[in-house]
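Have a look at the structure below before the remarks.
Numbers here are sequence positions counted from 1.
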Amino acid sequence: MLSGVIEGFYGRAWTEAQRLKMLDWISAAKMNTFVYAPKDDIHIRARWREPYEPAALSRLVALNEAASARGIRFMVAIAPCLDITYSDPSETERLTARIDQLLAIGITDFVLLFDDIPNALLPVDSPHFENFADAQCTVANTAYAHLKSHGGGSMLFCPTEYCARFAGNDVATSDYLNTLGAKLCAEIDVFWTGPDIVSERITPDSLEEIAAVLRRKPMIWENFHANDYDIRRVMLGPLAGRDSAVLPLISGFITNPNNEFDANFIPVHTTGQFVCSRAYDPETALINALADWQSAFRFALDSNTMPLAEIRLLVELLYQPFSCGPGVERALAHARALLSTHRPDVASSAWIAGLAALRAFKASVVSLFEHLTEIDNRDLFYALGPYVWEAREEITHLVSYLDWLDGAPGPDDVFPAEDLIYNFYRRGFGVAVQDILKRDDEGRYHHGI
């Protein structure tokens with residue numbers, strides 16, 4: 001089974017040095033695949049017809065050789081989907097010419113991407129194909145046949161409907177997916193992200209459903225740790241929401257992680273533990289990965305490292321797309337309880353204990369940020385520092401308000417003091433828009449609430 005990492009996000013691509021380190025991480029995690037597919041490489045998507053220049057080819061040769069030395073399959077993506085004319089034979093010739101160029105330098109495995117595009121044929125193509133999927137299958141099958149006839153290896157396919165939501169949450173009746181199942185060459189594996197683009201859970205039942213439609217096991221494109229859709233967050237926590245029971249139902253598991261390279265140690269290593277285990281437990285995987293990651297947090301001025309408990313706090317602050325870490329969730333629960341009444345009883349034991357817990361939590365976050373600034377690995381610091389800075393500011397804000405309430409302010413008193421307004425509250429266009437759009441607790445809009 002293929003398992004590994006795809007550099008497939010929108011945003012600044014990783015450096016060559018970072019990709020080499022990623023190959024080491026993939027190998028250490030006992031996975032076997034790296035897919036080169038950065039959206040920032042214009043030759044993959046916007047200029048897919050143009051050959052790579054010699055310098056770019058040399059970089060791909062070096063990556064392919066480095067992957068091979070580690071026993072890792074190196075795959076390169078091509079995404080002709082933005083502007084291809086499916087019915088024009090010269091377009092397919094340009095696609096196969098790109099394959100030939102890469103075959104000539106020793107790259108044998110490819111990924112065809114048809115994601116994130118309008119799901120409709122151009123008028124010029126409509127008379128030639130049954131539907132959109134039929135056009136894509138025709139091009140992909142031709143490219144695969146060319147690849148195999150020239151000594152190439154495998155090909156993966158990312159569909160336009162790559163999750164259940166894009167299929168109208170009715171996978172079984174999707175014309176697009178059913179056409180792929182019927183017409184795409186059976187040897188081409190198909191990517192699938194689950195119920196949604198970023199799926200909280202992927203269940204065996206959902207995989208059996210998509211496998212029946214595609215007439216093959218799906219290849220998971222895992223977006224659990226991706227953050228290119230929300231630049232205000234980074235995901236450091238363990239893979240979760242996937243049970244080991246899904247492994248026999250898939251042809252592979254490829255994770256598309258954070259844009260920030262240095263944020264991906266735990267995502268990659270817990271993904272490796274998932275695909276290599278028949279009894280995966282996120283907490284156990286996290287503990288294992290934390291122990292291996294600690295050496296990256298060595299202080300610049302001595303040989304000591306940040307304590308594991310502090311690194312764990314870092315991870316729990318920047319945890320998963322659908323939750324904070326358990327310790328952070330407990331701190332938030334304390335805050336909600338303290339603020340659940342209009343005028344809290346600051347003399348009650350519940351108030352005193354809850355405020356003490358939050359003060360201690362604030363102190364731990366402040367200490368975490370101070371220690372993070374002192375580590376020798378500056379790439380790691382700059383990748384994570386802004387997010388921890390924000391966490392420090394927000395917990396300081398919260399505890400300052402609770403401390404103010406603890407002083408039993410009068411009914412007409414307000415917080416914060418006028419000279420602190422700009423330190424406590426963000427400004428700018430994004431904040432202004434969110435202030436206009438009043439939301440409920442689930443983040444949905446209801447006019448008038």
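Under the rule for a side chain to side chain donor-acceptor pair (under 3.5 Å), the partners of S206 that lie at least two apart in sequence or sit in another chain are T203. Scored by the side-chain contact (heavy atoms from CB on, under 4.5 Å) test, A37 finds I6, V35, A77, L113 as partners (sequence neighbours excluded). Listed by chain and number, the residues in a side-chain contact (heavy atoms from CB on, under 4.5 Å) with H334 are A357, L358 (sequence neighbours excluded). Scanning for side chain to side chain donor-acceptor pair (under 3.5 Å) contacts around D435 gives K438, with sequence neighbours left out. Residues that satisfy the side chain to side chain donor-acceptor pair (under 3.5 Å) test with S68, not counting sequence neighbours, are absent from this structure. In this view, Y144 satisfies the ring-ring contact (aromatic ring centres under 6.0 Å, His included) rule with no residue, not counting sequence neighbours. With sequence neighbours excluded, the residues that form a side-chain contact (heavy atoms from CB on, under 4.5 Å) with L437 are V433, Y445. In terms of the side-chain contact (heavy atoms from CB on, under 4.5 Å) criterion, residue partners of V246 (sequence neighbours excluded) are, by chain and number, P204, L207, F274. Qualifying side chain to side chain donor-acceptor pair (under 3.5 Å) partners for Y36, counting only residues two or more places apart in sequence or in other chains: D41.
Residues F191 and Y162 keep their aromatic ring centres 6.0 Å or farther apart.
Summarising the geometry of L20 relative to A66, their closest heavy-atom pair is CD2-CB, 3.5 Å, with the distance given to 0.1 Å. The two residues N259 and G11 have their closest heavy-atom pair at ND2-CA, 3.7 Å. Summarising the geometry of S27 relative to R70, their closest heavy-atom pair is OG-O, 4.2 Å, with the distance given to 0.1 Å. Smallest separation of non-hydrogen atoms from A140 and L184: CB-CD1, 3.8 Å. Heavy atoms only, all atoms of each residue included: L384 and A263 are closest at CD2-CB, 4.0 Å. The heavy-atom pair separating C276 from A29 by the smallest distance is SG-O, 4.0 Å.
The backbone N or O of A46 sits nowhere less than 3.5 Å from a side-chain atom of R49 that would complete a donor-acceptor pair. Remark: side-chain polar atoms of K217 are paired, donor with acceptor, to backbone N or O of P248 under 3.5 angstrom. With S199 contributing its side chain and I202 its backbone, the two residues share no donor-acceptor pair below 3.5 Å. Panel note: side chain T305, backbone S295; no donor-acceptor pair is recorded below 3.5 Å. Judged by distance alone, the side chain of R201 and the main-chain N or O of G241 form no donor-acceptor pair under 3.5 Å. Side chain of T33 to backbone of G4: no donor-acceptor contact under 3.5 angstrom is found. Using a distance-only test at 3.5 Å, with no hydrogens or angles considered, a donor-acceptor pair links the side chain of D228 to the main chain of Y10. With hydrogens and angles ignored, the 3.5 Å screen pairs no side-chain donor or acceptor of D189 with any backbone N or O of L156. Judged by distance alone, with hydrogens and angles left aside, the side-chain atoms of D440 form a donor-acceptor pair with the main-chain N or O of R444 at under 3.5 Å. In terms of modelled atom types and a separation under 3.5 Å, the side chain of Q294 and the main chain of P307 share no donor-acceptor contact.
Ring orientation note: the planes of F34 and W14 are close to parallel, at an angle under 30° on the 30°/60° scale. Between F265 and W25, the ring-plane angle classifies as perpendicular under the 30° and 60° cut-offs.
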Is there a side-chain hydrogen bond (donor to acceptor under 3.5 Å, both in side chains) between N258 and N264 once you walk through the steps?
CA-CA 6 Å; N258 297 280; N264 289 318; 2.9 Å; yes

Are E222 and T271 close enough, and set up right, to give a side-chain hydrogen bond (donor to acceptor under 3.5 Å, both in side chains), and what steps lead you there?
CA-CA 9 Å; E222 181 56 78; T271 297; over 6 Å; no

Do N223 and Y229 pass the side-chain hydrogen bond (donor to acceptor under 3.5 Å, both in side chains) test, and can you show the C-alpha distance, the side-chain angles, and the key distance before you say yes or no?
CA-CA 10 Å; N223 281 328; Y229 63 94; over 6 Å; no

What's the verdict on salt bridge (charged side-chain N to carboxylate O under 4.0 Å, His left out) for D116 and R45, showing C-alpha distance, side-chain angles and the deciding distance?
CA-CA 11 Å; D116 300 338; R45 199 168 172 92; 5.1 Å; no

Which pairs of donor and acceptor atoms, one on a side chain in residues 315-324, lie under 3.5 Å apart (sequence neighbours left out)?
unit_1 : atom_1 : unit_2 : atom_2 : d
E316   : OE1    : G327   : N      : 2.6
E316   : OE1    : V328   : N      : 3.4
E316   : OE2    : R312   : NE     : 2.8
E316   : OE2    : R312   : NH2    : 3.4
Q320   : OE1    : S323   : OG     : 3.4
Q320   : NE2    : P238   : O      : 2.7

Show me, pair by pair, the donor-acceptor contacts under 3.5 angstrom made by side chains of residues 285-293, not counting sequence neighbours?
unit_1 : atom_1 : unit_2 : atom_2 : d
N288   : ND2    : Q273   : OE1    : 3.0
N288   : ND2    : T284   : O      : 3.3

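Separation of atoms CG (L380) and CG (L314) is listed at 8.0 Å; rounding is to 0.5 Å. Atom-to-atom distance recorded for L57:CG and Q101:CD is 4.5 Å, nearest 0.5 angstrom. Note: E7 CD to D40 CG = 9.0 Å, rounded to the nearest 0.5 Å. Taking CZ of R98 as the start and NE2 of H43 as the end, the distance is 7.0 Å to the nearest 0.5 Å. Between the CD1 atom of I250 and the CZ atom of R216 there is a distance of 15.5 Å, given to the nearest 0.5 Å. Annotation: the span from Q18 atom CD to D262 atom CG amounts to 6.0 Å, rounded to 0.5 Å.
Sorted by first then second residue, the ring-ring contact (aromatic ring centres under 6.0 Å, His included) pairs that include residues 361-382, not counting sequence neighbours, are F299-H371, F369-W389.
By the 4.0 Å N-to-carboxylate-O rule, R232 lies too far from E390 to be salt-bridged with it.
Taking a 6.0 Å sphere around CZ of R378, one finds it holds more than 12 heavy atoms contributed by other residues, nucleotides or ligands.
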